[in-house]
There are 2 protein chains.
Amino acid sequence: MAEDADPARRSIGARRNPDSAGAILEAAEAVLVEAGYSGFSIEAVARRARAGKPTIYRWWPSKAALLLEVYKRQKRVDIPDTGRLEEDLVGFLQNLFKHWRETSSGSIFRSLIAEAQSDETASAALAEYALGRPSHTVQIVERARQRGEVAEGVDSAPVADLISSYAWRHLLTNRLDQDEQSIRKAVGYVLRGIAAPGN
Amino acid sequence: MAEDADPARRSIGARRNPDSAGAILEAAEAVLVEAGYSGFSIEAVARRARAGKPTIYRWWPSKAALLLEVYKRQKRVDIPDTGRLEEDLVGFLQNLFKHWRETSSGSIFRSLIAEAQSDETASAALAEYALGRPSHTVQIVERARQRGEVAEGVDSAPVADLISSYAWRHLLTNRLDQDEQSIRKAVGYVLRGIAAPGN
DNA sequence: GGACTGAAACGAAACGCCCCGTTTCACCGC
DNA sequence: GCGGTGAAACGGGGCGTTTCGTTTCAGTCC
């Protein structure tokens, strides 16, 4: 009863058809993958899920809310732990790019960014995502700090900001096929700026 | 006749009413500023310009093409020249953020990025913009290289990529009000990674 | 435990509104 | 007249809502 506390979805009454919500989310993802963001419409999702539009609107207040929940259902990318900051960051970006290329996450995230430019809900969610709880990159840097790899006084936030900005832009400009050398070069420039004297 | 070689615009016949195209572009910009990307429609532009839709479609093949030309009409931001790389980069980002905040360029560019997620034309234009001829950032770095501020073997492209990725993401997540300290911190981390031994 | 009942969620269809991109048409200036 | 023009309307589609008749479940009474 106190379970399932997603604030985006309405919580009135118990769901009679528990499959419905799941089928809608799966249909939404399928439509997004097959038809792209331009083909992503509530009507298309309803058709595909063999559901009525009112059923969708009963639980998600808007197209953006549905898109957001589809995004949240995506599996997170792995954070490598090699014991060296450079390898962790390069590996993370490689994992992320591969994940975005090979699953639907990439197009879903792109869609979310696009939707955020015209929908306030999506914009707020995206900002919260970008600023919210420690990102993967912050975790990686903080772990390196504990190992003593990071110079005194270095702030993790701007570092994480730089790295994930790099990832966003490559996603948005179709450059997820970047080879390891390019990634390593960019990461390296940031890294040398924050390395502890010893390293 | 050989003038006005914008490939996006049709070149059939001479324009009878030169005011028309200008009025449409101005209306497009005004709509974009006042109603945002979500309110940007060909019909809205036509209404505002007191023009017919066919007139717009006669000169621009699609909504994206119109948006693109509005973007291209924007005044470019100034590139500072202080003689020090750090000041140039920090100043450039400050100028850029201010320019994006205080003119319509910011929302226009955001709209272009959003449009690129559903329109192939806009996507190609954006990729060309991101990868195309030397960006402002590359120019700044190259100038610093000639002054000997940049270490041997440092590639300008990834540096420029990092800096402008940072700018894009701050635009997309409504963080153009960043204070100088934050910008300086992020730029500094990259800079220390590329500085010549002497600096 | 089994049948009845009423509330709630359901799919389908249609609504009014808006936008897209196109076509038609009368107009007006060269 | 000819070519660009604005106005209007087209078919196609999506949005978010409403209506309608049906299904499904929870609670109740025996």
Side-chain angles (χ1 to χ4, degrees), chain A residues 1 4 8-28 31-32 34-69 111 114-115 117-122, chain B residues 1 4 8-28 31-32 34-69 111 114-115 117-122:
Chain A
M1 199 160 283
D4 187 71
R9 239 195 277 164
R10 290 167 72 181
S11 52
I12 52 160
R15 179 169 309 115
R16 293 314 165 91
N17 182 0
D19 299 340
S20 181
I24 289 168
L25 284 169
E26 281 172 26
V31 167
L32 210 40
E34 290 169 17
Y37 175 59
S38 60
F40 181 67
S41 72
I42 297 285
E43 312 226 355
V45 172
R47 274 195 301 271
R48 168 127 195 169
R50 250 184 273 276
K53 283 199 293 172
T55 303
I56 298 182
Y57 280 105
R58 189 176 343 268
W59 282 323
W60 294 277
S62 69
K63 190 174 153 177
L66 178 57
L67 185 59
L68 191 58
E69 182 152 349
S111 303
E115 187 73 15
Q117 307 313 312
S118 56
D119 180 280
E120 197 47 51
T121 309
Chain B
M1 202 160 285
D4 185 71
R9 239 194 277 163
R10 289 169 71 181
S11 52
I12 52 159
R15 180 170 306 113
R16 289 312 169 90
N17 182 358
D19 298 342
S20 180
I24 289 167
L25 284 170
E26 280 172 28
V31 167
L32 211 40
E34 290 169 18
Y37 175 58
S38 60
F40 180 68
S41 71
I42 296 286
E43 310 225 354
V45 173
R47 274 196 301 270
R48 168 123 196 170
R50 250 185 271 276
K53 284 199 294 172
T55 304
I56 297 182
Y57 280 105
R58 186 170 358 261
W59 304 110
W60 294 276
S62 69
K63 190 175 153 175
L66 178 58
L67 185 59
L68 192 59
E69 181 152 349
S111 302
E115 187 74 14
Q117 308 311 311
S118 57
D119 180 281
E120 197 47 53
T121 309

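Nothing here was measured: the structure is a model prediction, and the numbers come from that model. Here is the naming used below: chain letters follow the sequence lines, and residue numbers restart at 1 for every chain.
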Side-chain N or O of [X] versus OP1/OP2 of [N]: is the shortest distance under 4.0 Å?
| X | N | value |
| --- | --- | --- |
| S41(A) | dC15(D) | yes |
| K63(B) | dC20(C) | yes |
| R58(A) | dC10(C) | yes |
| T55(A) | dA9(C) | no |
| W59(B) | dT5(D) | yes |

Specify the separation, in whole Å, of atom [atom1] of [X] and atom [atom2] of [N].
| X | N | atom1 | atom2 | result |
| --- | --- | --- | --- | --- |
| R50(B) | dA8(D) | CZ | P | 13 Å |
| I24(A) | dC10(C) | CD1 | C1' | 10 Å |
| I56(B) | dT22(C) | CD1 | C1' | 14 Å |
| R47(A) | dC10(C) | CZ | P | 20 Å |
| R48(B) | dC19(C) | CZ | C1' | 19 Å |
| I42(B) | dA9(D) | CD1 | P | 21 Å |

State whether the distance check finds a donor on one side and an acceptor on the other, under 3.5 Å, for side chain K53(B) versus base dG6(D).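 Donor-acceptor pair under 3.5 Å: no.
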
Relative to the 5' end of DNA chain D, which residue comes earlier, E43(A) or A51(B), by the nucleotide with the nearest heavy atom?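 Result: A51(B).
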
Under the side-chain hydrogen bond (donor to acceptor under 3.5 Å, both in side chains) test against R48(B), which residue among E43(B), E34(B), E26(B) passes?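 Of the listed options, the one satisfying the test is E34(B).
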
Nucleotide nearest Y57(A) (side chain, heavy atoms from C-beta), chosen from dA8(D), dC15(D), dC20(C):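 Ranking dA8(D), dC15(D), dC20(C) by closest atom to the Y57(A) side chain puts dC15(D) first.
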
Working to the nearest 0.5 Å, report the span between CD1 of I56(B) and OG of S62(B).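 OG of S62(B) is found 12.0 Å from CD1 of I56(B).
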
How many angstroms lie between atom CD1 of I42(B) and atom CH2 of W60(B), to the nearest 0.5 angstrom?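 Nearest 0.5 Å value for the CD1-CH2 distance: 9.0 Å.
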
Hey, does the side chain of K63(B) reach the backbone of F40(B) with a donor-acceptor pair shorter than 3.5 angstrom?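 Yes, K63(B) side chain to F40(B) backbone: donor-acceptor pair under 3.5 Å.
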
Where do W59(B) and L25(B) land on the side-chain contact (heavy atoms from CB on, under 4.5 Å) test, with the steps shown first? CA-CA 11 Å; W59(B) 304 110; L25(B) 284 170; over 6 Å; no

